[in-house]
Amino acid sequence: MNKGFIAITVTLFVTGILMALVFTSSIEAGLFYDMAMKKKYRTLNYFYAGDCIDQAIVMLAHDYFLIIKRAIEIDKYHCAILSIKGEGDIRTITTMGQFKNAYVFRKASVRLKDHNLEIIQTE
């Protein structure tokens, strides 16, 4: 009778350990998936913020004196133009990519000339 009890106890003990290992592995896989998706969303938002920089440059090409103090959201591109500030002939554009709550902020500096724009730097 003791041999059967020992066999059942060992079987339950080994099964418990294996279930704990499987549970731990599944949690790690879930965390890895979450981190991979966040990185993907940040990369997408980097480019979405770049799209808003492009839109702001087009707006500046249409209106030389454009200065924005409130955010302009562009839902089509999942981004927002946060501000366009100017000093002399240089404008600083601040944008934000905002897809799936993984926000990325970008800046660009543009020099305005008589008949064209020159992108000085982007961050």
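All heavy atoms count here, side chains included; hydrogens, waters and symmetry mates do not.
Summarising the geometry of I119 relative to I57, their closest heavy-atom pair is CD1-CD1, 3.6 Å, with the distance given to 0.1 Å. A pairwise comparison of heavy atoms in L82 and M96 identifies CD1-CB, 3.9 Å as the closest pair. Nearest heavy-atom pair, I68 versus R70, reported as atom, atom and distance to 0.1 Å: CG2-O, 2.7 Å. Of all heavy-atom pairs spanning I84 and A56, the tightest one is CD1-CB, 4.0 Å. Scanning both residues, S109 and T92, for their nearest heavy atoms gives OG-OG1, 4.2 Å. Between K113 and Y64, the closest heavy-atom pair is O-CE1, 3.9 Å.
Once rounded to the nearest 0.5 Å, the distance linking NZ of K107 with OG of S83 reads 7.5 Å. In this structure, K39 NZ and R42 CZ are separated by 8.5 Å, a value rounded to the nearest 0.5 Å. For the atom pair CD1 of I120 and CD1 of I90, the computed distance is 4.0 Å after rounding to the nearest 0.5 Å. The CG atom of D89 lies 6.0 Å from the CZ atom of R111; values are rounded to the nearest 0.5 Å. A distance of 4.5 Å separates CD in E73 from CD in Q98, rounded to the nearest 0.5 Å.
A donor-acceptor pair under 3.5 Å is absent between the side-chain atoms of D34 and the main chain of G30, judged by distance alone. At least one donor-acceptor pair closer than 3.5 Å links the side chain of T95 to the backbone N or O of A49. Judged by distance alone, the side chain of R106 and the main-chain N or O of Y46 form a donor-acceptor pair under 3.5 Å.
The shortest distance between side-chain heavy atoms of M59 and I72 falls below 4.5 Å. Looking at H62 and V58, their side chains come closer than 4.5 Å, going by heavy atoms from C-beta outward.
Taking hydrophobic clusters as Ile, Leu, Val, Met, Phe, Trp and Tyr residues chained together by side-chain heavy-atom distances below 4.5 Å, I93 shares a cluster with Y77. Follow the hydrophobic side-chain contacts under 4.5 Å out from F99 and you reach Y33 in the same cluster. Residues I53 and L112 share a single hydrophobic cluster, defined by chaining ILVMFWY side chains whose heavy atoms lie under 4.5 Å apart. V10 and M19 are members of different hydrophobic clusters when ILVMFWY side chains are connected at heavy-atom separations under 4.5 Å. Linking Ile, Leu, Val, Met, Phe, Trp and Tyr whenever their side-chain heavy atoms come within less than 4.5 Å leaves I81 and I67 in two separate clusters.
Between H78 and Y48, the ring planes are tilted. Angles from 30° to 60° get that label.
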- Task: Walk me through it: do V22 and L18 pass the test side-chain contact (heavy atoms from CB on, under 4.5 Å)?
- Result: CA-CA 6 Å; V22 168; L18 289 175; 5.5 Å; no

